[in-house]
2 protein chains.
Amino acid sequence: MRLARSLAPTLKETPAEAQIASHRLMLRAGLVRQEAAGIYAWLPLGLRALRRIEQIVREEQDAAGAQEMLMPTIQPAELWRESGRYDAYGPEMLRILDRHKREMLYGPTNEEMVVDLARQCLRSYRELPQTVYHIQWKFRDEVRPRFGVMRGREFLMKDAYSIDVDYAGAVVSYRRMMLAYMRTFQRMGLRAIPMAAESGPIGGNLSHEFIILAPTGESQVFYDAAFETIDYTDAGFDIRSADDLERFFGVMTSQYAATDEKHDEARWAEVPAERRREGRGIEVGHIFYFGTKYSKPMGFTVPGPDGRPFHPEMGSYGIGVSRLVGAVIEAGHDEAGIIWPDAVAPFRVALLNLKTGDAACDALCERLYGRLDALYDDREERAGVKFADADLLGLPWQVIVGPRGAAAGRVELKRRATGERIELSVEDALARLAG
Amino acid sequence: MRLARSLAPTLKETPAEAQIASHRLMLRAGLVRQEAAGIYAWLPLGLRALRRIEQIVREEQDAAGAQEMLMPTIQPAELWRESGRYDAYGPEMLRILDRHKREMLYGPTNEEMVVDLARQCLRSYRELPQTVYHIQWKFRDEVRPRFGVMRGREFLMKDAYSIDVDYAGAVVSYRRMMLAYMRTFQRMGLRAIPMAAESGPIGGNLSHEFIILAPTGESQVFYDAAFETIDYTDAGFDIRSADDLERFFGVMTSQYAATDEKHDEARWAEVPAERRREGRGIEVGHIFYFGTKYSKPMGFTVPGPDGRPFHPEMGSYGIGVSRLVGAVIEAGHDEAGIIWPDAVAPFRVALLNLKTGDAACDALCERLYGRLDALYDDREERAGVKFADADLLGLPWQVIVGPRGAAAGRVELKRRATGERIELSVEDALARLAG
């Protein structure tokens, strides 16, 4: 992507409305622009980060055996009347009348619709278990939207739904999704801790939220350092093995972890002092087992082995995909700007042409641009502006091309996270960035 | 994907509400389910087709130099008041009041929002030209939604917007997008014809719609056979060359092409008889040049070379992405079901295990499944049901594994489009399907 003709406007000033680091930086780096309270347009660089996060979420859902589908954003009110949530949900639900005065709503979540699809499509216990998911925009009409994409009204969520024959199966599905979540966040360069949680408006009696650590997080968290050394990969736990999932779940739930709301000083005191960790955290996911809470009132049954219909056991599993863009930035930034983890950076490399118009600089930059996954700063700006914007945008590597170096076939390579800069030949730079 | 535990419910009966082939087949093949009038959930197989079509659209937009971004579905009414379209748009616009009684709407298109972003982000004529696009769900509250995803209320659209310094530049952007569209549809195995069109609610004075040919299309079309032999690839026209684009536009607009609404018998008579083609067509795209129709009332200016602010010239360019799934099926089906073009099929291969539970069949199928991009029919169903469903689902190839063949290391390979079946060794089948 060539910056000179891109919709990637950086700002020197911090916008007054932005109270937290990720909101400030996303506006300043030109990742998003607000179009209405809590409603954002994703500009090209922001969208690339969003898509990379979305793709990691998708791959780990697929690896856990979940099937991707896509439900619409607009739902009929009748479905929510069947479950009893239409009146219960409150003013956060965006209610809509269509031209025929039919009551509709912009989906804040999809338990009802999944049950409706399942009761239309499934014909036998032999088709279970199944887990489906979709990655779709949701709307929650927050009374006071703020913190940018961290608490927007229109937001991108991955929500999965498991359908099992019985409680034992539902628990395996729940544990499998918990492991998929740990892998998902780890791949994004985040440290996540699952914490026992209230079920809230989803209902049910087993629930965990996933908190990632970030110095500027919204709540104080307390956890056992044991979480830091668990191997969540297949080497640690085979996601297809119910036995491994049981062992994994035991490990997850036997260590102390709590937000300040649920913090228990007595239990905390039992954790060996050298393993006590405190920090700030951000909620990025929430999983629920709720049994037959929706299948019963909505009349979703399938015939069992004995031919008698039964109500399947279900759970739902959410990840805030657009929120994660903000959370990743909260977890990785400094005074100068964003520090993207390699796995979710919009591009791997920022290519800085320090003298656009200089024949040697232009030629070398074009050559590098053809070989790298790079954002090319080809603007007619001073070098100082380009340095500052490159740090603000926070791509993992910067390749800096100046007239003297270009004449000698040399460039500077800077690692954004450490600030380390080295001068090297073009070939060595390419070799390093290919690795 | 294993069919036994997938949300991929085929139907033997044709649903009563479905009047056209694609609607009938999409319901029968389990690609979509309706959740409210004109609002569909995309089940796993339908979503895969939708995503493949979306990806072709994306790649050709990228190749034309357009930048991907993503605007929200919900828009503030104020923007549409600025352009004067809020009151003009009529009941097809889904109007919404949020909890603070602010007027919002579910975007049917995004001219206003793009202008708003451009006036926030662009600071100089030197940043032009730019074309941005997004692929996002739209809502048009049709009074009588019908024909499945061909005329839904919530639908997926790719809409691009060009921003140029002057008319000459805007015309180049318009022509470039026209060529990108011809390539897009050609890659999907469709024959598309651009036809001069009215601008309708978008406005402006240059507009073409893109009609693809399908025996069950909605309107009668008349066109010159010359369209059939034009080379739309880079060999024919370099999409980066303004000269090539001018030549391309000349070729496109000098041949006769019209829907029955605009058909001109006198001009038609001038087309040599052997080159006259008639058929049924479906509109799948529409492009507009509208100059300063939005930049003027919305106060979008940038400083020109002389420092004086001017209103950029703009155009917009739509493709009905979800509609294309229906259009592709209208263009490719027979009595037995869908015939997917290779480029957009949900999977390349249907793998039919004719005797699930037979050790040789199961083992061979597992081996093939590990090597192919396949939908594996591992259900406990009769062979006849599997044959019928494979033809209904319409994947390009069927690999048929029966007990006798499995014991001998042989399978049957069927090409869905021609019905041709051959028996061959497992190795030969794999070699053929790899090609």
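Naming convention: chains lettered A, B, ... in sequence-line order (proteins, then strands); numbering from 1 in each chain.
How far CZ of R99(B) is from CZ of R95(A): 10.5 Å, rounded to the nearest 0.5 Å. Here the CD1-CG distance, from I163(B) to L7(A), works out to 6.5 Å after rounding to the nearest 0.5 Å. Here the straight-line distance linking atom CG of L43(A) with atom CD of E68(B) works out to 12.5 Å at 0.5 Å rounding. To the nearest 0.5 angstrom, M69(B) atom CE is 12.0 Å from S6(A) atom OG. With rounding to the nearest 0.5 Å, the separation of OG in S124(B) from CZ in R379(A) is 12.5 Å.
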List the steps and the verdict of side-chain contact (heavy atoms from CB on, under 4.5 Å) for W42(A) and H134(B).
CA-CA 10 Å; W42(A) 293 77; H134(B) 76 158; over 6 Å; no
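Listed for the H100(B) side chain is a donor-acceptor partner under 3.5 Å among the backbone atoms of V143(A).
Of the listed residues (L45(B), L122(B), L50(B), L128(B)), the greatest number of heavy-atom pairs within a distance under 4.5 Å of chain A belongs to L128(B). The greatest number of non-hydrogen atom pairs below 4.5 Å with chain B, out of G65(A), P91(A), A36(A), is found for P91(A). In terms of heavy-atom pairs under 4.5 Å with chain B, the best-connected choice from P129(A), A37(A), A118(A) is P129(A). Contact tally against chain B (heavy-atom pairs below 4.5 Å) for R48(A), M1(A), R126(A), E380(A): the top residue is R126(A). Of the residues considered (P76(A), A8(A), G30(A), P72(A)), P72(A) shows the highest number of contacts with chain B, using heavy-atom pairs under 4.5 Å.
For M93(A), no part sits under 4.5 Å from any heavy atom of chain B, backbone or side chain. Contacts of E142(A) with chain B are made by backbone atoms alone, with heavy-atom separations under 4.5 Å and no side-chain atom involved. Residue Q120(A) touches chain B through its side chain alone, counting heavy-atom pairs closer than 4.5 Å. Contact of L97(A) with chain B is made through the backbone alone, with heavy-atom distances under 4.5 Å. Heavy-atom distances place the side chain of R51(B), and not its backbone, under 4.5 Å from chain A. Contact of R123(A) with chain B is not made at all, since no heavy-atom distance falls under 4.5 Å. Only the side chain of L79(A) has a heavy atom closer than 4.5 Å to any heavy atom of chain B. With a 4.5 angstrom heavy-atom cutoff, E127(A) touches chain B via backbone and side-chain atoms both. Residue E112(A): no heavy atom, backbone or side chain, is found under 4.5 Å from chain B. When heavy atoms are compared at a cutoff of 4.5 Å, L94(B) approaches chain A solely by way of its side chain, counted from C-beta outward.
Residues I96(B) and F139(A) have side chains not in contact (no heavy-atom distance under 4.5 Å, counting atoms from C-beta outward). When side chains are defined from C-beta on, I39(B) does not count as touching Q75(A), because their heavy atoms never get closer than 4.5 Å. For the pair Q67(B)/R2(A), no side-chain contact is recorded, criterion being any heavy-atom separation below 4.5 Å from C-beta on. Between E35(B) and M71(A) there is no side-chain heavy-atom pair separated by less than 4.5 Å. Side-chain contact between D98(B) and R153(A) is present, with heavy atoms from C-beta onward closer than 4.5 Å. Under the 4.5 Å side-chain criterion, counting only non-hydrogen atoms from C-beta, R33(B) is not in contact with D116(A).
Crowding of R146(A) atom CZ: a count of heavy atoms from other residues, nucleotides or ligands under 6.0 Å exceeding 12. Within 6.0 Å of the CZ atom in R102(A), the count of heavy atoms belonging to other residues, nucleotides or ligands exceeds 12. The environment of R382(A) atom CZ is sparse: at most 12 non-hydrogen atoms of other residues, nucleotides or ligands sit within 6.0 angstrom.
E154(A) and T73(B) form a side-chain donor-acceptor contact under 3.5 Å, judged by distance and modelled atom types alone.
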